[in-house]
Amino acid sequence: MLGIIGGSGLTQLANLDVSHREVVRTPYGEPSGPLTFGRIGCQDVVFVARHGYGHTIPPHLVNYRANIHALETSGVTQIVSVASVGGIRGDLGPGALVVPHQIIDYTWGREMTFQSGGDGPVIHVDFTDPYDAAVRQLLLDVSRRIGEDVIDGAVYATTQGPRLETAAEIDRLQRDGADIVGMTGMPEAGLARELDMPYAALCVVSNWAAGR
Ligand code: HPA
């Protein structure tokens, strides 16, 4: 089953044939809202709005652990994250659709692991390639099949928010190698990897990053 985490501007899926909604509790608290179960065509889908259905949860307060855990316990086997980002690289202006291939994490103070210590050996998950190759390819193939001009590969810098960056901060991110900037890429991707759930992101560039 496919899990979709909707970001800013995507609090519901227009073509989702909804079967039911479920309030799911997890050992990590409550997800951003009830999970919405349904079908798109012949694909079973579970949807959750990252910022809540009323878009009231800022990026640093999203319960990423509960969202990922709830999707996993609901039978989701792969996750597509939809996120709006700012464009840093010159060819990534507003309206561009991007499937990133790498992440740099600048966030802090977020609950970023399922490992709480004391309950088993420490595990260092491999995060060399933070996104799942097969889910990335699926996003690219499907986007192209419906005629979308999708860009394959970008380095996604995840900032803490909720404020936007300064121009100097964006300069630094660019020097670090970042192509796009958003506030929710991490710890979401890392948590999915900890649970061994294939995960990839479809990013919509909503604005030029500060100073660009
Ligand atoms: N910066 C950080 N996050 C964002 C931006 C941005 O410019 N646009 C959309 N999400």
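All ligand and atom numbering here is 1-based and tracks the order in the structure.
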query = Is the closest basic N to carboxylate O distance between Asp152 and Arg136 below 4.0 Å?
reply = yes
ask   = With a cut-off of 4.0 Å, which atoms of ligand 1 are near a heavy atom of Glu165?
value = 1 (N), 2 (C), 6 (C), 7 (O)
ask   = Counting each atom of ligand 1 from 1 as listed, which ones have a heavy atom of Met183 under 4.0 Å away?
value = 2 (C), 3 (N)
inquiry  = If we set the cut-off at 4.0 Å for heavy atoms, which region of Val85 has an atom near ligand 1: side chain, backbone, both, or neither?
reply    = backbone
ask   = What's the shortest distance from atom 5 (C) of ligand 1 to any protein heavy atom, and which residue and atom give it?
value = Gly86 N, 3.4 Å
query = Do Arg212 and Gln174 meet the criterion of a side-chain donor-acceptor pair at a distance under 3.5 Å?
reply = yes
ask   = Counting from 1, what ligand 1 atoms have a heavy atom of Ser84 closer than 4.0 Å?
value = 9 (C), 10 (N)
ask   = Should Glu188 and Arg50 count as an ion pair when the cut-off is N to O under 4.0 Å?
value = yes
ask   = Who's the nearest protein heavy-atom neighbour of atom 6 (C) of ligand 1, and how far?
value = Leu164 CD2, 3.4 Å
query = Under a 4.0 Å N-O cut-off, is there an ion pair linking Asp17 with Arg39?
reply = no
query = Has Met197 got more than 12 heavy atoms of other residues, nucleotides or ligands less than 6.0 Å from its CE?
reply = yes
ask   = Should you measure from each heavy atom of Ser206, which atoms of ligand 1 turn up under 4.0 Å away?
value = 8 (N), 9 (C)
